[in-house]
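Reviewing the structure listed below.
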Protein chains: 2
Amino acid sequence: MGVTRVYSYTLAGKAGVTPEQVRKDFSEYGIKGNRRGGYLTESLIRAIEVIFSRDRKSNVVVVGMGNLGQALSRYERFAGRGINIVATFDIDPYKHKSRSDIQVYPMERLEEITERFGVTVAILAVPEISAQEVCDELVNLGIRGIVNFSPVLLKVPQYVVVNNVNLSDEIESVILSVRRMKDEQSLFL
Amino acid sequence: MGVTRVYSYTLAGKAGVTPEQVRKDFSEYGIKGNRRGGYLTESLIRAIEVIFSRDRKSNVVVVGMGNLGQALSRYERFAGRGINIVATFDIDPYKHKSRSDIQVYPMERLEEITERFGVTVAILAVPEISAQEVCDELVNLGIRGIVNFSPVLLKVPQYVVVNNVNLSDEIESVILSVRRMKDEQSLFL
DNA sequence: TGTATTTTGTGAATTGTTTCACAATAGATC
DNA sequence: GATCTATTGTGAAACAATTCACAAAATACA
Ligand SMILES: NC(=O)c1ccc[n+]([C@@H]2O[C@H](COP(=O)([O-])OP(=O)(O)OC[C@H]3O[C@@H](n4cnc5c(N)ncnc54)[C@H](O)[C@@H]3O)[C@@H](O)[C@H]2O)c1
Ligand SMILES: NC(=O)c1ccc[n+]([C@@H]2O[C@H](COP(=O)([O-])OP(=O)(O)OC[C@H]3O[C@@H](n4cnc5c(N)ncnc54)[C@H](O)[C@@H]3O)[C@@H](O)[C@H]2O)c1
């Protein structure tokens, strides 16, 4: 779009943070701008892509193709972020018949496929009850990172990274904030 | 299950935090245990339900019934957390024909339904491009809290709460952590 | 009933993060 | 090319969160 320069306050406005925050973070990662001249968009974008490893694609698998698993696997914009879903898995044989657009593999093929594609990260979208069991299996196959959508704390060796995404919490937190805001407001009536 | 008492370290273990953290948080909200006797499960659960308003159900709507919106609206465990999805909306007329289990309403009925059910919180799962526009509409109808799944910073009045859930970020962060862990490890070889 | 033990509750210390404030300087202006 | 101005980069200050450490109290047990 012809924009060659951006300033810390421009980026801060778009990101909803302060300009100081932007500069401190950039400084932390060695991103340098020009005093008075701001940051050059091209080199800034490249630097960010390197920092977030978006320049190299990462192969990931989705395990559990229910409501959430299907939604995630159909999302097309992951590619632009270096996230490459190479295969999806489910225990339910009914899901293996690819009536839908996406091929779902049986759990028996997890090992073969993760090895073939060098997969180290899995998205776990199975029910609460089977989460730990499937997690153990993934860890055994060499998975080193898990995005866990089930509301349980997974037990993993220290060399495995888990990021818990709890959508109920996310919604509840908004409900709570709204309640609190209203309560505060009614104090002034 | 017959458990009448829990200790800060029990809860901490399950939650993946320190016992001090648990006690400090409880203390902040006036939850009292017995020295040596721990916390009584029953009264603790009740206290938590009150703090998180889980005793009162909250009516919410889902706007945008694509991949994510459908997954969210089919999730049955929200009810147990006081989250009650009363209706779902989409601009696409094809979605209104309830071929699926869930009735999807046209956007024209948003006002009527949010008013009828006293809805103050909305889950926004529309494409990036229309997120701000739909957000404005929601705010106009009196919505006070938004769980935003689109990767844009919504502009809202100060009295509206927005919680941004960025699933690409969640996955990317795991990929990054795994990369960094591997890099560290290879320093020791 | 008295003593030992366990666990809470919380100030104080530590650690971490954000904001402030301003010197350094690249670029704009004349 | 001299001067003015806007913006960076970053120590220092302020603020926030976590951990430490231990007195107080409840329970267990002799
Ligand atoms: N859908 C949501 O909006 C939502 C919201 C909050 C939390 N979650 C959590 O996300 C997870 C997935 O939710 P969902 O709604 O997609 O559930 P779902 O029941 O629709 O799907 C789960 C899928 O996992 C498969 N599965 C079960 N056991 C398996 C195993 N051992 N190995 C492989 N696959 C197995 C099932 O066949 C099913 O297809 C759950 O833990 C849920 O609690 C979902
Ligand atoms: N699906 C995922 O896994 C995923 C991952 C990361 C981010 N997201 C984000 O979540 C949002 C939803 O993703 P999705 O995959 O469900 O998208 P989608 O395209 O499948 O669904 C979007 C839905 O919104 C409806 N819509 C469009 N404009 C509308 C309007 N003005 N009013 C009402 N409805 C409208 C469409 O008809 C469609 O049904 C997007 O912003 C996306 O970037 C999704």
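Each chain gets a letter, A, B and so on, in the order its sequence line appears, and its residues count up from 1.
Heavy atoms of other residues, nucleotides or ligands lying less than 6.0 angstrom from CZ of B:R77 number 12 at most. Annotation: A:K155, atom NZ; neighbour count of heavy atoms from other residues, nucleotides and ligands within 6.0 Å does not exceed 12.
Checking side-chain atoms of B:T18 against main-chain N and O of B:Q21 turns up a donor-acceptor pair under 3.5 Å.
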| Protein-to-nucleotide contact annotation, 5' to 3' order, nucleotides 13-24 of chain C [B base; S sugar-phosphate only; - none; under 4.0 Å, heavy atom] | -----SBBB-BB

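At the heavy-atom level, A:Y9 lies under 4.0 Å from the strands shown only through sugar-phosphate atoms. Looking at heavy-atom distances under 4.0 Å, A:Y39 makes contact with sugar-phosphate atoms alone, never a base.
Between A:E112 and A:R109 a salt bridge is recorded (basic side-chain N to carboxylate O distance below 4.0 Å).
At whole-Å resolution of the value, NZ in B:K32 and C1' in C:dT7 are 15 Å apart. For the pair A:E28 CD and D:dT8 C1', the interatomic distance rounds to 17 Å; values are reported in whole Å.
Out of D:dT27, D:dT8, C:dT8, the shortest distance to the side chain of B:R5 is found at D:dT27.
In this structure, A:N34 does not reach the C:dT25 phosphate: none of its side-chain N or O atoms is under 4.0 Å from OP1 or OP2. Residue A:S27 has a polar side-chain atom (N or O) positioned under 4.0 Å from OP1 or OP2 of D:dT10. Distances shown here put every side-chain N or O of B:Y7 at or beyond 4.0 Å from the OP1 or OP2 atom of C:dT8.
At a cut-off of 3.5 angstrom, the base of D:dT5 holds at least one donor-acceptor pair with the side chain of A:R36.
The aromatic rings of A:Y105 and A:F89 sit tilted relative to each other, their planes meeting at an angle between 30° and 60°.
Considering only residues two or more places apart in sequence or on other chains, B:A122 meets the side chain to side chain contact (heavy atoms under 4.5 Å, CB included) condition with B:V61, B:L138, B:I143.
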